[in-house]
Amino acid sequence: MSLLEVTQISKRFGGLLALDNVGFTVAEGEIFSVIGPNGAGKSTLFKILAGAMRPSEGHVLFRGKRLDGRPQPQIARAGLVRTFQETTVFPDLTPLEHVVIAHHLQSRVGVVRTVFGTWKAEVEERQFREGGEAILKDLGMESVAGEPARNLPHGHLRVLGIAMALAARPQLLMLDEPFAGMNTEESSRAANIVRKIRDRGITVMLVEHDMRTVMALSDRIAVLSFGRKLAEGRPEMIQKDETVIEAYLGREDDELGL
Amino acid sequence: MDTSRKFLLGFVAVLVVVPLLVQGSSYWLSVVINITVLSFLGLGVWLTFAIGRINIAQGAFALVGGYVTAILCTQFGWSFFIALPLSGLVAGAVGGLLGTAILRLRGVYFSMLTLCLTEAARLLALNWKDLTRGATGITGIPTPFQGDYAGLQTYFFDVLLLILGMQVVRRLMESRIGGIFRTIRSNEDLAASFGIPVARYRVLAFTLASFFGGIGGALLTINLQSIYPSSFTVVSSTNDMLYCFLGGLQSVIGPPLGAAVLFLGFQLLQVFGPWQSLVYAAAIIVTMLVLPNGLLSLMGLFPRRTKAAEVVR
């Protein structure tokens with residue numbers, strides 16, 4: 001069974017059709033990418049999947065359960081966790097505080113007991129702390145774990161976004177343009193992180209602009225253009241697809257990773 | 001946070017020593033009692049600052065708490081010590097219900113709405129005559145503190161509650177729940193993305209704030225032994241908010257510090273006669289300009305890393 005099923009989604013903004021009957025499925029354990037030129041509807045699609053927007057038509061099914069139109073915390077609880085573009089973090093908190101708080105979904109101790117620090121609450125706090133430290137170590141951030149996020153370099157903040165999402169133990173991790181603004185070396189390092197996450201059994205879906213990295217990384221790709229799905233398939237197929245090449249005509253072949 | 005604990009201990013010491021200094025004067029004793037209760041009201045508002053909302057409704061919840069105590073103690077003859085927690089609970093429940101509806105608003109929109117709530121509460125008290133006796137108010141509320149030491153008893157009871165309240169808020173803010181509040185203040189969407197039920201925690205903070213409002217209102221009412229629709233107005237709400245803002249938002253010491261300085265300051269400015277309010281207002285404006293992080297930053301105990309303006313963005 002597919003993990004995520006998007007059935008013929010449309011999204012209308014007044015007279016503008018931002019998404020026109022877009023449908024695809026994401027299988028468990030794969031890296032699935034959605035690509036497309038600017039204005040193709042990638043961000044709209046991402047927002048709908050993340051629960052920040054309702055589709056005008058169509059459904060989002062996660063393990064057969066409808067998620068479209070549900071509030072964001074419920075979507076995260078179901079196992080679908082998103083990251084944000086660029087460096088969206090809490091500037092006053094340290095990375096360790098970020099990941100400890102992001103363990104929230106695993107909390108079994110109520111508010112009152114947490115505040116008054118009962119034995120169970122202390123056990124939980126230690127577990128979250130250890131879990132957080134492990135995630136930061138895994139992503140190479142243990143040396144800055146205690147530094148307020150506002151003092152951290154850009155690269156660390158991008159990774160911190162992924163660290164928070166991982167702390168929520170997602171089944172499907174959705175990355176919003178994870179390679180935007182990165183140089184070749186940085187994006188290949190980030191791609192390795194994505195592979196590592198997938199190898200641990202977390203399905204990854206990403207929306208991205210940077211073709212080269214996506215082609216090398218993805219198991220399957222869907223291409224959007226002007227709100228429509230042009231093609232879906234393995235990277236080699238996408239690279240050869242006439243309609244895709246046409247949609248990108250006028251751009252450098254380079255961008256397609258050819 | 002060790003500094004905050006030390007600070008709290010120092011504060012406790014001040015609270016215990018102060019009545020010994022003012023013992024002879026019932027005027028000054030009533031001033032410190034007022035500061036204590038106003039600190040309690042401010043502490044509640046401080047909790048809504050913690051989730052990034054400027055709350056100008058504390059007067060409304062103080063009014064609710066005050067009337068609950070007044071009605072229970074006069075018409076039903078209940079003990080104040082039963083009426084007091086009930087006042088907090090009723091105000092908290094009202095706060096929770098209203099909060100569910102209004103907390104999705106942010107910034108100036110939320111503030112304006114809370115300001116209107118204060119005025120709505122006053123009008124409700126004025127017109128719901130069967131319950132509140134309207135503009136006549138409820139007077140002659142029996143106080144549990146009597147005899148030669150009534151003033152000191154009141155003072156210590158109120159101080160005890162204030163310290164208890166500050167401890168609870170401090171523990172809350174140092175626990176994971178405090179971390180959740182900070183994430184909500186900083187970025188609600190990001191907090192929701194990893195599964196924090198943001199709406200629920202916002203309501204929790206506002207309910208607690210209203211509970212504190214109800215308790216504070218009940219305490220002031222029993223101290224004055226009377227309550228009127230105009231006992232808590234928009235001015236009271238604004239002051240409760242200012243105690244936090246001018247005291248400092250970084251620590252639970254902020255509201256008591258702000259309440260003490262503002263209330264004492266106003267009393268001391270009596271020497272200016274008719275110019276009292278003008279000088280007071282000018283002093284507040286200057287303080288805000290010079291110390292955007294509140295009086296706490298003056299002590300150099302807390303780093304000036306978060307501007308108040310960013311906190312409530």
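Note on naming: letters A, B, ... go to the chains in the order of the sequence lines (proteins, then strands), and numbering restarts at 1 for each one.
- Taking the centre of each ring, Phe61(B) and Phe211(B) stay at or above the 6.0 Å mark.
- If you measure heavy-atom distances from Phe84(A) to chain B, the contacts under 4.5 Å come from the side chain alone.
- A side-chain N or O of Ser33(A) and one of Ser218(A) form a donor-acceptor pair less than 3.5 Å apart.
- Using modelled atom types, one finds a donor on one side chain and an acceptor on the other under 3.5 Å when comparing His104(A) with Arg176(B).
- Within the 4.5 angstrom heavy-atom criterion, no atom of Ala165(A) approaches chain B.
- Looking at Phe116(A), both its backbone and its side chain come within 4.5 Å of chain B, counting heavy atoms on both sides.
- Among Pro73(A), Ala167(A), Pro71(A), Ala52(A), the residue with the largest count of heavy-atom pairs under 4.5 Å with chain B is Pro73(A).
- A distance-only check finds no donor-acceptor pair linking the side chain of Gln74(A) to the backbone of Gly51(A) [under 3.5 Å].
- Distance alone, capped at 3.5 Å, places no donor-acceptor pair between the Glu147(A) side chain and the Val144(A) backbone.
- For chain B, the option among Val81(A), Thr88(A), Thr83(A), Leu80(A) with the highest count of heavy-atom pairs below 4.5 Å is Thr88(A).
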